[in-house]
Amino acid sequence: MPELPEIEVTKRSLFKKINKTKIIDIKIYNKNLRYKITQTFYKNIINQKILNISRRSKYLIFHLKKKILLAHFGMSGKILLIKSSDKQIYKTNFYYDLNFIPKHNHIYFTLNNDFTMVYNDIRRFGFFKIYNTTQINNISFLKNLGPEPLSKKFNIKYFSKCIRRKKNIKNLLMDQTFVSGLGNIYVNEVLFMSKISPLKLCNRLNETDIKKLIFNIKKILKISIHKGGSSIKDYRNALGKTGSFQQFFRVYGQENKNCSRISCKGKIKKILICNRSSFYCNKCQN
DNA sequence: CGGGACTCCTGAGGGC
DNA sequence: TGCCCTCAGGAGTCCC
């Protein structure tokens, strides 16, 4: 599920429902995520209150009383809340029945307000890790991340400093140390909106290009968050609702279709860049 | 430094 | 129905 908008939408629904609650039970059904769940996982976070829930890039951060619980969803991870006393609303599909443990539900966190937070991840590329609160500024996964794309730090001055590298723009935008939170879908859409080829080299971008890229990155992320993220296969927010931004994709997954720009007679092409699919219009993206 | 190939893992979908 | 192949929102490593 995992690019910035989907994590942000998940964070917001979690914040609304389980912030300030206490973790009163943890059940681990599969320890083998991206990193193995350690023996001390349970004892480190049991009976701790969730003081805050935040997001950095594609990471979710649970600020507990004594620990930091860091989560990353990989390619297919998601978090779902089950409310045991309100099955009428929340038992909308197989993820939601507390009496049946589906194959890919790996961790259940029972909270003291009747909600259970379930981590589901088909491919198990996601992970949970625990840190001491004093380590918050020293977490390796967070330390090297570039600025948040929606922050003021991500501006023309910063961008201009980074484009002297002889690298293509697709890879620069995918590089989490340059800007953190963009993934394959949104990079494709941003480049289309900016009329820039994914293969264009960074050192050939002019100031207009940079302005367009920054503007479209911020705009597309904001719209997607507003639409509840993109549900391509089965992304849901923590309350089981799908997002709708996938209806607005103009290039991602649109191979061989005509370009959606009225005046453009181009076709959407698919190429591989660093083994990831890149979709672009062969006419209007240069 | 940069990028291509490959890895982790499971499931969906297409072709035959 | 079944088998085989390719591909998928991430990200790290190895190699040239």
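Each chain gets a letter, A, B and so on, in the order its sequence line appears, and its residues count up from 1.
Contact annotation: A:Lys58 side-chain N/O to C:dG10 OP1/OP2 distance is under 4.0 Å. In this model, the phosphate group of B:dC9 is not approached by any side-chain N or O of A:His104 to a distance below 4.0 Å at OP1 or OP2. Using a 4.0 Å cut-off, some side-chain N or O of A:Gln176 falls inside it from OP1 or OP2 of C:dA11. In this model, the phosphate group of C:dA8 is approached by a side-chain N or O of A:Lys270 to a distance below 4.0 Å at OP1 or OP2. Remark: A:Tyr252 is in phosphate contact with C:dG9, judged by side-chain N or O atoms under 4.0 Å from OP1 or OP2.
Note on A:Asn184: only backbone sugar-phosphate atoms sit closer than 4.0 angstrom, heavy atoms only; bases stay farther off.
On the P atoms, C:dA11 is 22 Å away from B:dG11, given to the nearest whole Å. Taking atom P on both C:dT6 and B:dA5, the two are 14 Å apart, rounded to the nearest angstrom. Across the P atoms, C:dT1 and B:dT10 are found 24 Å apart, a figure rounded to whole Å.
No cation-pi contact links A:Lys129 to A:Phe141, judged by a cut-off of 6.0 Å to the six-membered ring centre and 45° from its axis.
Put simply, CG on A:Asn275 is 13 Å from P on C:dG10, counting in whole angstrom units. Here the P atom of nucleotide C:dG10 and the CD1 atom of A:Ile232 are 9 Å apart, to the nearest Å. Atom NE2 in A:His72 sits roughly 10 Å away from atom C1' in C:dG9 (whole-Å rounding). Here the C1' atom of nucleotide B:dC8 and the OH atom of A:Tyr35 are 10 Å apart, to the nearest Å. When the C1' atom of C:dG10 is taken as reference, atom CG of A:Leu60 falls 15 Å away, rounded to whole Å. Distance CZ (A:Arg276) to P (B:dC6): 16 Å, rounded to an integer number of Å. When rounded to the nearest whole Å, the span between NZ of A:Lys170 and P of B:dG2 equals 16 Å. Distance A:Asn203 CG to B:dG3 P: 11 Å, rounded to the nearest Å.
Less than 6.0 angstrom separates the ring centroid of A:Tyr158 from the ring centroid of A:Phe178. Ring centroids of A:Tyr252 and A:Tyr186 are separated by 6.0 Å or more, keeping the two rings apart.
Closest-nucleotide positions on DNA chain B for A:Lys233 and A:Leu201 were compared, and the one nearer the 5' end corresponds to A:Leu201. Across the interface with DNA chain B, nearest-nucleotide mapping of A:Asn171 and A:Lys103 shows A:Asn171 to be the residue nearer the 5′ end.
The side chain of A:Asn168 has B:dG3 as its nearest neighbour among C:dC7, B:dC6, B:dG3. Considering only the side chain of A:Lys167, B:dG2 comes nearest among C:dG9, B:dG2, C:dA11. Taking every side-chain heavy atom of A:Ser277 into account, C:dC7 is the closest of B:dG11, C:dC7, C:dG10. Closest to the side chain of A:Cys274, out of C:dA8, B:dG11, B:dG4, is B:dG4. Residue A:Pro2 has its side chain nearest to C:dG9 when only B:dG11, B:dC8, C:dG9 are considered.
By the 5.5 Å and 30° criteria, A:Phe125 is not stacked with the base of C:dA11.
A donor and an acceptor atom, one from each side chain of A:Asn138 and A:Lys143, are located under 3.5 Å apart. Using modelled atom types and a 3.5 Å distance limit, the side chains of A:Lys103 and A:Asn120 yield no donor-acceptor pair.
A donor-acceptor contact under 3.5 angstrom links the side-chain atoms of A:Arg123 to the base of C:dA8. Residue A:Arg124 places no side-chain atom within donor-acceptor reach of the base of B:dC9, judged by atom type and a 3.5 Å distance cut-off alone.
Glycosidic conformation of C:dG12 is anti; the angle lies outside 90° of 0.
With rounding to the nearest 0.5 angstrom, the NE2 atom of A:His106 is 5.0 Å from the CG atom of A:Asp121.
Pairing partner, B:dC9: none, since no Watson-Crick or wobble contact has both distances short of 3.5 Å.
With respect to the salt-bridge test (charged N to carboxylate O, under 4.0 angstrom), the residues A:Arg55 and A:Glu148 qualify.
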